[in-house]
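Worksheet for the structure shown next.
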Amino acid sequence: QVQLVESGGGLVQAGGSLRLSCAASGSISSFNHMGWYRQAPGKQRELVAVITSGGNTNYADSLKGRFTISRDNAKNTVYLEMNSLKPEDTAVYYCNAVTSPPGSGLRYDYWGRGTQVTVSS
């Protein structure tokens with residue numbers, strides 16, 4: 001059973017920075033890609049950033065230049081560096097991992113429980 005555990009959230013003032021971590025119970029190299037999503041109160045969960053097993057990255061357009069996703073395969077951990085934080089970045093941030101066995105057409109999603117990020121103005 002895959003477990004993803006997020007950490008690093010907290011309260012920060014606008015303009016500040018945080019680094020979130022997502023530690024996986026197994027090798028992250030086994031996942032097709034991993035990513036971060038967030039959900040603000042009263043809103044749908046939205047994609048923040050994704051990183052593939054090959055290291056390619058993709059970001060929500062509105063977050064490009066402020067957020068950076070990275071991975072450390074040796075530590076089985078994915079990170080999200082968040083800079084120049086704004087009050088509208090306040091949300092619960094969730095780690096996601098996806099596997100898709102070749103040729104199966106199947107997709108398996110795994111989620112962490114989330115970590116709260118609160119940005120004060």
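Any value given below was found using the heavy atoms of this structure, including those in side chains, with hydrogens, waters and symmetry copies removed.
- Taken to the nearest 0.5 Å, the OG1 atom of T68 stands 8.0 Å off from the CG atom of L80.
- Cation-pi contact between R45 and Y94: present, with separation from the ring centre below 6.0 Å and deviation from the ring axis of at most 45°.
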- Determine, stepwise, if the pair E6 / R113 fulfils salt bridge (Lys or Arg N to Asp or Glu O under 4.0 Å). CA-CA 7 Å; E6 302 98 334; R113 294 188 174 184; over 6 Å; no
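- Side-chain contact between N73 and I28 is present, with at least one heavy-atom pair separated by less than 4.5 Å.
- When all heavy atoms are compared, the tightest approach of A60 to L47 is CB-O, 3.4 Å.
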- Message: Under the criterion side-chain contact (heavy atoms from CB on, under 4.5 Å), I'd like the reasoning laid out for N56 against I51: C-alpha separation, chi angles, the key distance, then a yes or no.
- Response: CA-CA 5 Å; N56 295 319; I51 186 165; over 6 Å; no
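- Put simply, CD1 on I69 and CH2 on W36 are 8.0 Å apart, with the number rounded to the nearest 0.5 Å.
- Under 3.5 Å, the side chains of S17 and N83 contain a donor-acceptor pair of N or O atoms.
- A single hydrophobic cluster is seen to contain both V117 and Y59, as judged by linkage of ILVMFWY side chains at heavy-atom distances under 4.5 Å, directly or through other members.
- A 4.5 Å side-chain heavy-atom check between Y108 and V2 finds every atom pair outside the cut-off.
- Taking 4.5 Å as the limit, some side-chain heavy atom of S120 sits within range of a side-chain heavy atom of L11.
- The minimum heavy-atom distance between S21 and T77, with the atom names listed, is CB-CG2, 4.1 Å.
- Under the 4.5 Å side-chain contact rule for hydrophobic residues, V50 and V92 share a cluster.
- Nearest heavy atom pair, residue A14 against residue S121, reads CB-CA, 4.3 Å.
- Pairing each heavy atom of S104 with each of P101, the nearest pair is OG-O, 2.6 Å.
- A distance of 6.5 Å separates OG of S62 from CD of E46, quoted to the nearest 0.5 Å.
- Here CG of L63 is found 11.5 Å from OG of S84. Values are rounded to the nearest 0.5 Å.
- The shortest heavy-atom contact between T52 and R71 is O-NH1, 2.7 Å.
- Looking at V12 and T118, their side chains never come closer than 4.5 Å, going by heavy atoms from C-beta outward.
- In this structure, the side chains of T57 and K64 stay at 4.5 Å or more apart for every pair of heavy atoms.
- With values rounded to the nearest 0.5 angstrom, S7 atom OG is found 15.0 Å from Y93 atom OH.
- Between Y37 and W111, the two ring planes are perpendicular [angle over 60°; tilted spans 30° to 60°].
- A distance of 8.5 Å separates CG of N76 from CE of M34, quoted to the nearest 0.5 Å.
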- Verify side-chain contact (heavy atoms from CB on, under 4.5 Å) between Q13 and V119, making sure each step is shown before the conclusion. CA-CA 5 Å; Q13 288 188 332; V119 184; over 6 Å; no
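- Using a 4.5 Å heavy-atom cutoff, the side chains of T90 and Q116 are in contact.
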- May I have the step-by-step check of side-chain contact (heavy atoms from CB on, under 4.5 Å) for D89 and R38, ending in yes or no? CA-CA 9 Å; D89 294 319; R38 68 184 185 183; 2.9 Å; yes
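- Counting only heavy atoms from C-beta outward, the side chains of F67 and L85 approach each other to under 4.5 Å.
- Between Y110 and L4 the shortest heavy-atom distance is O-CD1, 3.4 Å.
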